[in-house]
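For reference, the structure discussed in these notes is given below.
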Amino acid sequence: MMEERQIVVPGETIASGNEFLPGDGAWRDGTDVVAGRHGLADVQDKHVRVIPISGAYYPKRGNTIIGTVVDITFNGWLIDFGGAQNAFLGVSEVPRYINRNELREFLDFGESVVVKVWDVKSRGVDASMKMRGYGMIEGGMIVSISPNKVPRVIGREGSMVKMIKSATGCDVTVGQNGKVWVSGKDTDSEVATKKIIDFIAENATIVGLTERVEAFIKELGLQVSSAPAKPNDGVEVVEENTDSEENVEGDALSSVPSEEGKE
Amino acid sequence: MYLPRKAKNKMAVEGLYKKRIDGRKFDEVRPMIAKVGVVPSADGSASFETGGTKAMAVVRGPRTLHPQHMQNAQKGVLRVSYGMMPFSVWDRIRPGPSRRSEEISKVCEWALSSVVDLSGFPNTVVDVFIQVPKADAGTRVAGLNAAAMALAHAGIPMKEMLTAIAVGKADKTLLVDVDKAEEDFHDGEGATDIPLAVTSRGKEVALLQLDGKISPSELKEAIEMGKKACDDILKVQMEALKNLNGGEDNE
């Protein structure tokens with residue numbers, strides 16, 4: 001049993017014994033449970049899994065993703081979110097009635113959306129925007145970061161996002177696929193927000209990130225408000241299964257609790 | 001079967017190639033440098049250097065495969081492309097695909113597909129790009145070492161790692177990790193070059209090519225020498241993958 005989570009390499013034995021069960025990213029070889037991908041080995045109650053720390057984004061049910069319409073079919077839209085396959089957003093998963101002949105009126109090619117991953121199948125992803133906080137993106141800019149750095153940008157209980165929002169006054173929506181939608185009153189505040197997000201992504205593995213970010217925000221000539229932000233203050237990130245988003249150093253869990261009230 | 005040092009030295013003394021040009025032992029690998037995350041914008045990347053040979057590998061994907069008729073509805077497709085940079089050797093290499101590079105791409109693809117598991121990504125492709133910025137023999141094995149690290153770094157499901165080495169023979173002497181001068185050894189029986197790739201856990205041979213002449217018993221011995229050297233290379237690969245935060249750049 002491992003005390004601390006350690007980085008494992010494919011083919012490396014994580015635990016030995018028939019009582020251990022291989023979970024995500026692990027496989028059994030005789031009595032050994034072996035890493036089936038590169039990542040952090042996690043052993044909990046004889047359940048062995050490997051948490052990803054690098055690589056592409058793999059959609060999970062409940063994730064919030066930001067993507068672009070790349071195709072329109074007769075009953076919905078195909079959305080490219082940087083994953084292996086495109087996400088399908090059906091007409092029925094849109095909060096209002098849409099005439100099937102007028103799909104383009106609602107969402108046209110190249111337009112961006114914030115959607116929820118409703119189902120992950122082997123052939124693709126089904127998306128929905130029926131809940132509050134999801135919808136079309138109008139104005140602002142989309143900042144791209146590595147999907148593995150997303151938990152750092154969100155911070156514990158969304159603290160980092162709240163800090164950015166209070167400092168810049170911008171609305172920040174973080175997609176688990178590494179796309180961050182920033183929208184504010186003026187371009188200057190949006191650019192400042194982008195700088196802060198890039199800074200977090202660059203220093204994602206540093207201990208004491210919050211203090212570093214606070215210092216960076218002051219460097220930009222902005223104020224960090226000490227008052228706690230209002231609950232649900234536009235933090236439109238719904239994250240479930242936060243276990244898998246832990247930082248490499250085993251540092252604080254970065255997550256936003258799932259806001260069931262929205263659904 | 002691994003011959004004790006005494007017997008091997010005797011064999012070496014009998015042949016024409018008595019001492020390695022760079023002073024290495026006959027079963028010694030050139031100094032290695034492995035790095036992970038060398039290309040920040042890629043899903044996974046790595047570089048692997050042994051002596052005068054350096055290979056870089058970049059992994060992109062899984063992503064949708066076009067044209068559609070190449071897609072496999074049951075599992076993802078692995079696509080490997082190998083190429084040497086024009087300046088990688090003393091005289092220029094003509095850039096672009098050649099007979100040799102296409103063949104090496106294909107054998108590397110076969111070797112790597114024995115460890116990667118793309119059953120979770122139907123209709124997609126995982127692209128592996130191997131480039132050789134400097135070459136001093138053993139480029140395909142350096143490329144495979146880099147590619148295996150890059151695939152792991154990209155988070156692609158893999159049952160185990162892949163490690164590769166070029167073993168060879170100069171006249172009657174068996175050598176591990178041959179360099180260009182040894183590959184071009186003309187005296188006596190000449191040179192034999194055997195690129196070999198071994199899986200990290202099962203120790204199975206994933207790639208075995210042979211250029212030159214060698215007796216069956218010597219081939220067996222050469223493979224054993226190669227497998228032993230692969231253990232050392234694996235350590236270097238694993239160390240690079242475990243310390244990736246120090247060297248990894250961000251997107």
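Per chain, numbering begins at 1; letters A, B, ... match sequence-line order.
- Heavy atoms of other residues, nucleotides or ligands lying less than 6.0 angstrom from CG of D24(A) number 12 at most.
- More than 12 heavy atoms of other residues, nucleotides or ligands lie within 6.0 Å of NZ in K134(B), so this atom counts as buried by the packing criterion.
- By number of non-hydrogen pairs under 4.5 angstrom with chain B, the leading residue of G11(A), G55(A), P10(A) is P10(A).
- The environment of Q74(B) atom CD is sparse: at most 12 non-hydrogen atoms of other residues, nucleotides or ligands sit within 6.0 angstrom.
- Neither the backbone nor the side chain of A26(A) comes within contact range of chain B; no heavy atoms are under 4.5 Å apart.
- Contact annotation for S200(B): only side-chain heavy atoms (C-beta onward) come within less than 4.5 Å of a heavy atom of chain A.
- The number of heavy atoms from other shown groups lying within 6.0 Å of NZ (K227(B)) is above 12.
- The contact between D29(A) and chain B is made by backbone and side chain atoms together, counting heavy-atom distances below 4.5 Å.
- Annotation for D32(A) and R201(B): closest pair OD2-NH2, 2.9 Å, computed over non-hydrogen atoms.
- E239(B) CD: 12 or fewer foreign heavy atoms inside a 6.0 Å radius.
- Counting only distance, with no hydrogens or angles, the side chain of Q85(A) and the backbone of P122(B) share a donor-acceptor pair below 3.5 Å.
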Inset, instruction - Please lay out, stage by stage, how E12(A) and L241(B) fare under the test side-chain contact (heavy atoms from CB on, under 4.5 Å). - result: CA-CA 12 Å; E12(A) 201 178 341; L241(B) 282 165; over 6 Å; no
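- Most heavy-atom pairs under 4.5 Å with chain A: of the set R60(B), M149(B), M158(B), this distinction falls to M158(B).
- Across G155(B) and Y58(A), no two heavy atoms sit closer than the pair O-OH, 3.5 Å.
- Going from atom CG of N86(A) over to atom CZ of R63(B) covers 13.5 Å, rounded to the nearest 0.5 Å.
- In terms of modelled atom types and a separation under 3.5 Å, the side chain of S54(A) and the main chain of D43(B) share no donor-acceptor contact.
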